[in-house]
Amino acid sequence: MNLHFLANPTRFQRWAGAILPWVATLAALTLGLGLWLGLFVAPPDYQQGDTVRIMFVHVPSAWMGLFVYTGMASASAVALIWKHPLADVAAKASAPIGACFTFLALVTGSLWGKPMWGAWWVWDARLTSMLVLLFLYLGYMALWDAVEDPARAGKAAAILCLVGAVDIPVIKFSVDWWNTLHQPASVVRLGGPTIHASILVPLLTMIVGFTLYYLTVLIVRMRAELAARRVQALRQARVASRESTLAPEAG
Amino acid sequence: MERIVTFLEMGGHAAYVWPALILTALVLTLLAVHSLRQLGAREAELATLERERPRRRRGQGGSGDDA
C-alpha cells in the first residue's frame, strides 16, 4: 500500500473532523443572519421593489459558482504539476457544490429577470457564459464517472477543468465586453461599490454565509471521497492477497 | 396580521421572490443532506472492511517517510 498517499489525507481527516462542527455552525448562523437582514432590514429598491431580495441569493450563488470553479482550476493545476494527493480530491468534491450554485444562479436570475426584464431567459453574453459554466461542471463530473481508474480520471478531469477556466474571465467581463441586459458590476469595481450599505451589508453577509456553507460541504465530501478511495484500495488488496495465497477465505 | 400579509406579498412580487428563496434553501439543504449520508455510508463500509482484515493493524502513519 502506498503510505505516501495516506500520509497527507490521514492528517487532513483528523484536522477536518476537528473544524467541521465549527465551520458548519458558523455557516448556519451567518446564513440565518443574512436572511434576516435581507428580508426584514434591507429596504425595497426604489426601482425594483421587493424583487431586489432575490439578489441576496442570486448574487452569492453566482459568485460561488465562479469562486468554486476558480478553486477547482487551481487545485487541478496543483494536481497535475505537483501531484498533491489532496488536490484532485478537493477538485472532485467541489464540482457538485459549484454545479448547484451555478444552477441556483441561473434559476434565481430567471425568476428575477421575468418581472424586471419581462423575459425568463435571454441569450445574452452573461447568461449564456453562465450556462456554459454549468455544462463545464456537469462535464467535469461526468468525466470522473466515465473513467474507472481514479488516477487517469483525475488527470483527464483536471485538463478539462483548466481548459474550461477560460470561461471565468468571460463571465466576469461579459457585462463590459458586450451589450447585455444584465446589469454591470456594482460591488467589485474600481472606485468602490455603488450599492447602499443597507443592501450591501446583507449581501456581503450572505456571501460569507455561502462561502462557509461551501467549506462545510467541501470537507464532508472530501472525507467521503477519501473513504471511498480507501475502500477501493482495501478491496484491491484483498483480491490480491486472495490470489497470491490461494488460502480459503476465513470469513 | 396585516403586516404579515404585506410582508408575504413582497410588493406584488411574491410569485418570484419566494420561489427563488425557497428553491435556494431546498437545493442547499438537499446537497448537504446527500453529502452527509454519502459520508456515513462510506465510513460504515470502510469500518466493515477494516474489521474484516485479519492481518495488519491499522498503522498510524508510523513510517514517517513522507516527503
Side-chain angles (χ1 to χ4, degrees), chain A residues 1 3-4 6-8 10-11 24 27 31 35 38-40 44 48-54 56-58 60-61 93 96-97 99-101 103-104 107-116 210 213 216-228 230-231 234-235 237-238 241 250-251, chain B:
Chain A
M1 193 149 302
L3 282 171
H4 173 75
L6 288 172
N8 271 317
T10 311
R11 220 176 305 141
L31 286 172
L35 210 55
L39 282 176
F40 301 106
Q48 307 199 9
D50 281 305
T51 59
V52 77
R53 299 192 199 285
I54 296 176
F56 299 125
V57 291
H58 172 73
S61 299
I97 318 174
C100 282
F101 284 136
F103 169 76
L104 285 174
V107 177
T108 57
S110 186
L111 283 162
W112 195 5
K114 183 62 184 167
M116 289 302 108
F210 270 56
Y213 168 89
T216 307
V217 181
L218 176 67
I219 290 173
V220 171
R221 297 195 74 92
M222 281 180 75
R223 296 184 71 181
E225 174 64 19
L226 288 169
R230 181 116 176 89
V231 164
L234 284 177
R235 286 242 166 84
R238 190 149 76 166
S241 74
Chain B
M1 189 62 203
E2 211 170 293
R3 281 181 61 195
I4 299 173
V5 172
T6 316
F7 170 72
L8 289 176
E9 278 173 353
M10 281 286 154
H13 293 302
Y16 305 104
V17 176
W18 292 116
L21 297 185
I22 290 166
L23 185 78
T24 304
L26 193 72
V27 168
L28 295 187
T29 308
L30 286 178
L31 177 67
V33 168
H34 173 262
S35 304
L36 280 169
R37 294 179 83 171
Q38 191 182 43
L39 175 63
R42 285 179 179 173
E43 284 190 335
E45 196 181 0
L46 183 58
T48 315
L49 276 174
E50 296 208 319
R51 232 180 294 123
E52 282 173 0
R53 210 152 52 128
R55 298 159 293 144
R56 260 178 94 159
R57 293 274 149 259
R58 224 179 301 163
Q60 293 290 328
S63 64
D65 61 347
D66 54 307

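- With a 4.5 Å cut-off on non-hydrogen atoms, Phe56(A) does not touch chain B at all.
- Counting heavy-atom pairs under 4.5 Å between each of Pro96(A), Pro115(A), Ala227(A) and chain B puts Pro115(A) at the top.
- In terms of heavy-atom pairs under 4.5 Å with chain B, the best-connected choice from Gly109(A), Gly49(A), Pro44(A), Cys100(A) is Cys100(A).
- Atom CG of Asp50(A) sits about 11.0 Å away from atom CG of Leu8(B), to the nearest 0.5 Å.
- Comparing Glu43(B), Arg42(B), His13(B), Glu45(B) by heavy-atom pairs within less than 4.5 Å of chain A, the highest count is held by Arg42(B).
- Looking only at side-chain heavy atoms (C-beta outward), Phe210(A) and Thr24(B) come within less than 4.5 Å of each other.
- Between Leu104(A) and Leu23(B) the shortest heavy-atom distance is CD2-O, 3.9 Å.
- With rounding to the nearest 0.5 Å, the separation of CD1 in Ile219(A) from OG in Ser35(B) is 12.0 Å.
- Taking chain B as the reference chain and counting heavy-atom pairs below 4.5 Å, the highest number among Val217(A), Val52(A), Val220(A) is found for Val220(A).
- Heavy atoms closer than 4.5 Å to chain B are found nowhere in Met222(A), neither backbone nor side chain.
- Of the two parts of Leu28(B), the backbone and the side chain both hold a non-hydrogen atom closer than 4.5 Å to a non-hydrogen atom of chain A.
- Here Leu21(B) contributes atom CG and Arg53(A) contributes atom CZ; the two are 9.5 Å apart, rounded to the nearest 0.5 Å.
- Here the rule is side-chain contact (heavy atoms from CB on, under 4.5 Å) with Arg221(A), and of Leu31(B), Leu36(B), Leu39(B) only Leu31(B) fits it.
- Among His34(B), Met10(B), Glu9(B), the residue with the largest count of heavy-atom pairs under 4.5 Å with chain A is Met10(B).
- Top candidate by heavy-atom pairs under 4.5 Å with chain B, chosen from Leu35(A), Leu39(A), Leu31(A), is Leu39(A).
- Atom CH2 of residue Trp18(B) and atom CD1 of residue Ile54(A) lie 11.0 Å apart, to the nearest 0.5 angstrom.
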